[in-house]
Amino acid sequence: MLVFLCTIGTNVFSQTLQPGLAGMAPSKWLTIRNTHAPGKVYDFPGAGAKKFTHEEYFFRAWIPVVHSKRVTVLMGPNYRTEQFELKTPGENPISKMAGWNLRSYAMDINSFIKLDSTSWLVTTTNINKSGNLAELSLKQIPVNYTVSATFLRKKSVNKEIGFGAMINKSYKLTVLPVFVFNYNYADNAGIEMMLPKRIAWRRNLSPNDILYLKAESVTRTYYINSLSGDFPGVYRRVDVDMGISYNKKLGNFGGIDISAGYRKNLSSKLIDGAVPIKTSGLALTVDFYVQPPVFHRKR
């Protein structure tokens, strides 16, 4: 079964599911992630241009809820916190968006239904509340969600293909098609594609070392206090991370995943009056992960 299909672009309990293509990244049971994206510049009325670093921490744990021959259901509670760290001298015009006040509390629920020996139905659900907790209480923050359903077929030992649809409700309603294609064209190399989320070229340097060239979308939506009216406004950005990623498996316990490259901003909405000057630049992400424990059944 596809490792990264368990959620939109995230590795999880592949060991509990049907085996997929060889050489894909190890599954991640517990994940701790840190991201730095420096050099973001916005112009504010009365304050001028200010430079910031986007910094983010992310935590997730996966819990198997149902596991049978035909159906597997996983739940993944997760938490994210983000800040705008001011790099320009003077007063911070968005001080309440610093100090790790941008937070997201979420739950992923993913299911895998085996249809026959070569095909599966994969559904993913993400429910979250994401906002600026310096200005809003958790109760005031609307619920966002993303739901997807994909039909996946294993065409051969080295090829998987899938089609589906995704619905996202955060700030506005969006419906997008989903296309999956995984192909090992060599014993130690392959293509991994899950659109609109991710596309990657993979090279297995050794059983414990994987190198990727990839492009991956990164979307963040936080509800913030509006300058006019009672309903909260929105800070939202849509980026594409393009670069190189190195995954190092540390025995059977866990590993580290380091990604570096260029973060291209496609759209950016900050507080009312803020004018984006420079919203693209370098980005560095480091993942520390623990793999699922292996339990041996008694005969």
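Numbers for residues simply follow the sequence, beginning at 1.
- Note that the CE atom of M242 and the OG atom of S217 stand 12.0 Å from one another [nearest 0.5 Å].
- Across every non-hydrogen atom of E55 and E85, the tightest pair is OE1-OE1, 3.5 Å.
- Under the 4.5 Å side-chain criterion, counting only non-hydrogen atoms from C-beta, R203 is in contact with N188.
- Not counting sequence neighbours, the partners of V175 by the side-chain contact (heavy atoms from CB on, under 4.5 Å) test are I167.
- In this structure, CD in E216 is found 9.0 Å from OG1 in T285, a value given to the nearest 0.5 Å.
- Side-chain contact check for K169 versus P142: every heavy-atom pair is 4.5 Å or farther apart.
- M193 and I161 fall within a single hydrophobic cluster, where Ile, Leu, Val, Met, Phe, Trp and Tyr side chains are chained together by heavy-atom contacts under 4.5 Å.
- Considering all non-hydrogen atoms of both residues, W120 and K154 come closest at CZ3-CB, 4.2 Å.
- Sorted by first and then second residue, the pairs that involve residues 261-271 and meet side-chain hydrogen bond (donor to acceptor under 3.5 Å, both in side chains), not counting sequence neighbours, are Y42-S268, D239-N265, D241-R263, N265-T279.
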| task | Go through I271 and I224 one step at a time and tell me if the side chain to side chain contact (heavy atoms under 4.5 Å, CB included) criterion holds. | result | CA-CA 8 Å; I271 64 172; I224 60 178; 3.7 Å; yes
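- Applying the ring-ring contact (aromatic ring centres under 6.0 Å, His included) criterion to F163, with sequence neighbours excluded, gives F179.
- The side-chain hydrogen bond (donor to acceptor under 3.5 Å, both in side chains) pairs that include a residue from residues 93-102 number zero, where partners must be two or more places apart or lie in different chains.
- I109 and V143 are members of different hydrophobic clusters when ILVMFWY side chains are connected at heavy-atom separations under 4.5 Å.
- Hydrophobic clustering keeps V122 apart from V147 (ILVMFWY residues linked when any side-chain heavy atoms are closer than 4.5 Å, directly or through intermediates).
- When the shell of 6.0 Å around CZ of F253 is examined, it contains 12 or fewer heavy atoms from other residues, nucleotides or ligands.
- Looking at heavy atoms from C-beta onward, R236 lies in side-chain contact with S170 at the 4.5 angstrom threshold.
- Using modelled atom types, no side-chain atom of K159 and backbone atom of V157 make a donor-acceptor pair closer than 3.5 Å.
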| message | Is there a side chain to side chain contact (heavy atoms under 4.5 Å, CB included) between E160 and V180? Walk through the geometry before answering. | response | CA-CA 8 Å; E160 293 174 335; V180 178; 5.7 Å; no
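- Residues L250 and L30 do not share a hydrophobic cluster, defined by chaining ILVMFWY side chains whose heavy atoms lie under 4.5 Å apart.
- Residues P93 and K50 are in side-chain contact: their nearest non-hydrogen atoms beyond the backbone lie under 4.5 Å apart.
- Contact annotation: the side chain of L282 never approaches that of H36 to less than 4.5 Å [non-hydrogen atoms, C-beta and beyond].
- The shortest side-chain heavy-atom distance between M97 and Y222 does not fall under the 4.5 Å cut-off.
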| request: Applying side chain to side chain contact (heavy atoms under 4.5 Å, CB included), run through K214 and W201 and close with a yes or a no. | output: CA-CA 6 Å; K214 65 179 185 178; W201 170 83; over 6 Å; no
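- Side-chain atoms of N110 and D108 include no donor-acceptor pair closer than 3.5 Å.
- Within 6.0 Å of atom CG in D209, more than 12 heavy atoms from other residues, nucleotides or ligands are found, so the atom counts as buried in its surroundings.
- Contact detail for L136 and Y223: the closest heavy-atom pair is CD1-O, 3.5 Å.
- Residues L284 and I258 meet the side-chain proximity criterion, which asks for heavy atoms closer than 4.5 Å.
- For K248, the NZ atom counts as densely surrounded, since its 6.0 Å shell holds more than 12 non-hydrogen atoms of other residues, nucleotides or ligands.
- Going from atom CZ of R202 over to atom CG of L213 covers 12.5 Å, rounded to the nearest 0.5 Å.
- When every heavy atom of L176 is checked against every heavy atom of P196, the shortest pair comes out as CD1-CG, 3.9 Å.
- Looking at every heavy atom in both residues, Q291 comes nearest to S27 through CG-O, 3.5 Å.
- Within the model, atoms OH of Y183 and OG of S156 stand 7.5 Å from one another, a figure rounded to the nearest 0.5 Å.
- For the residue pair D257 and Y212, no side-chain donor N or O sits within less than 3.5 Å of a side-chain acceptor on the partner.
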| said: As a quick check of understanding, evaluate side chain to side chain contact (heavy atoms under 4.5 Å, CB included) for N34 and F288, giving each step before the final call. | reply: CA-CA 9 Å; N34 177 244; F288 296 95; over 6 Å; no
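- Between A106 and N128, the shortest heavy-atom distance links the atoms CB-CB, 3.4 Å.
- Annotation: side chain of Q140 is not in contact with side chain of E135 (no heavy-atom distance under 4.5 Å).
- Without hydrogens or angle criteria, T81 side chain to Y57 main chain gives no donor-acceptor distance under 3.5 Å.
- Both F112 and W29 belong to a common hydrophobic cluster when Ile, Leu, Val, Met, Phe, Trp and Tyr are linked at side-chain heavy-atom distances under 4.5 angstrom.
- From E82, atom CD reaches atom OG of S104 across 10.0 Å, with rounding to the nearest 0.5 Å.
- At distances below 3.5 Å, at least one donor-acceptor pair connects side-chain atoms of N92 with backbone N or O atoms of I94.
- No hydrogens or angles considered: a donor-acceptor pair under 3.5 Å links the side chains of T123 and S111.
- Taking Y105 as the reference, Y79, R103, L133, L138 meet the side-chain contact (heavy atoms from CB on, under 4.5 Å) condition, with sequence neighbours excluded.
- Residue F181 holds its CZ atom at 11.0 Å from NZ of K155, rounded to the nearest 0.5 Å.
- Looking at residues two or more places apart in sequence or on another chain, you find no side chain to side chain donor-acceptor pair (under 3.5 Å) involving T219.
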